[in-house]
Amino acid sequence: QVQLVESGGGLVQAGDSLRLSCAASGGPFVTYAMGWFRQAPGKEREFVASINRNGGSIYYTDSVKGRFTISRDNAKNTVYLQMNSLKPEDTAVYYCAGNRRGWSTTSISEYDYWGQGTQVTVSS
């Protein structure tokens, strides 16, 4: 049973930084592609960033390009999302997700495993 556990969320001010972590267990993490998604109140869950199994293929949604960085440490079974220059519109619950097929993808339907989410709140 694959488990994904996010951490690192919190309440920050606009312009601050946060680093989210997602620890995986119960499966061959090194073979999975990983993604970060977010869901704001009253909105659908949306893609934020993804990384393939070896880190060679990375995608970002346009609104976070240049501010967020996704990375992974396969030795620690962990994927990270470094978020800089945070804006109030980044406020959401952030979820990490795993794709067994290993390719980096923006499509929510291609992810097989999901964490429980971590709240990020950015005040103006």
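The CG atom of Leu81 lies 11.0 Å from the OG1 atom of Thr118; values are rounded to the nearest 0.5 Å. A distance of 13.5 Å separates OG of Ser21 from CZ of Arg72, quoted to the nearest 0.5 Å. The distance from atom CG of Leu11 to atom OG1 of Thr91, rounded to the nearest 0.5 Å, is 8.5 Å. The CD atom of Gln116 lies 9.0 Å from the CG atom of Leu4; values are rounded to the nearest 0.5 Å. Summarising the geometry, atom CD belonging to Gln82 is positioned 12.5 Å from atom CD1 belonging to Ile70; distances are rounded to the nearest 0.5 Å. Atom-to-atom distance recorded for Thr31:OG1 and Asn74:CG is 9.5 Å, nearest 0.5 angstrom.
Contact record, Asn84 with Ser17: OD1-OG, 2.9 Å, taken as the closest heavy-atom pair. Heavy-atom minimum distance, Ala14 versus Ser124: CB-CA, 4.4 Å. Nearest heavy-atom pair across Ala92 and Ala40 is CB-N, 3.8 Å.
Under 3.5 Å, the side chains of Ser107 and Thr105 contain no donor-acceptor pair of N or O atoms.
Hydrophobic cluster membership is shared by Val93 and Trp114, with clusters built from Ile, Leu, Val, Met, Phe, Trp and Tyr side chains linked at under 4.5 angstrom. In terms of hydrophobic clustering, with Ile, Leu, Val, Met, Phe, Trp and Tyr side chains grouped at heavy-atom distances under 4.5 Å, Val48 and Tyr60 are assigned to a common cluster. The same ILVMFWY cluster, assembled from side-chain heavy atoms under 4.5 Å apart, contains both Leu86 and Trp36. Residues Phe29 and Val2 fall within the same hydrophobic cluster, defined by Ile, Leu, Val, Met, Phe, Trp and Tyr side chains chained together at heavy-atom separations under 4.5 Å. Grouping the Ile, Leu, Val, Met, Phe, Trp and Tyr side chains by contacts below 4.5 angstrom, directly or via other members, places Val120 with Met34.
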I would like to know whether Phe68 and Thr61 meet side chain to side chain contact (heavy atoms under 4.5 Å, CB included); could you show each step before the answer? CA-CA 10 Å; Phe68 290 12; Thr61 193; over 6 Å; no
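Judged by distance alone, the side chain of Glu6 and the main-chain N or O of Cys22 form no donor-acceptor pair under 3.5 Å. Judged by distance alone, the side chain of Asp16 and the main-chain N or O of Val122 form no donor-acceptor pair under 3.5 Å.
The salt bridge (Lys or Arg N to Asp or Glu O under 4.0 Å) analysis of residues 97-106, with sequence neighbours excluded, yields the pairs Arg100-Asp112, Arg101-Asp112.
The ring pair (Phe, Tyr, Trp, His ring centres under 6.0 Å) with Tyr32 is formed by just one residue from the set Tyr113, Tyr111, Trp103; it is Tyr113.
Under the rule for a ring pair (Phe, Tyr, Trp, His ring centres under 6.0 Å), the partners of Phe47 that lie at least two apart in sequence or sit in another chain are Phe37. Among residues two or more places apart in sequence or in another chain, the side chain to side chain donor-acceptor pair (under 3.5 Å) test is passed with Arg38 by Glu46, Ser63, Asp90, Tyr94.
Heavy atoms from other residues, nucleotides or ligands lying under 6.0 Å from CD of Gln3 number 12 at most.
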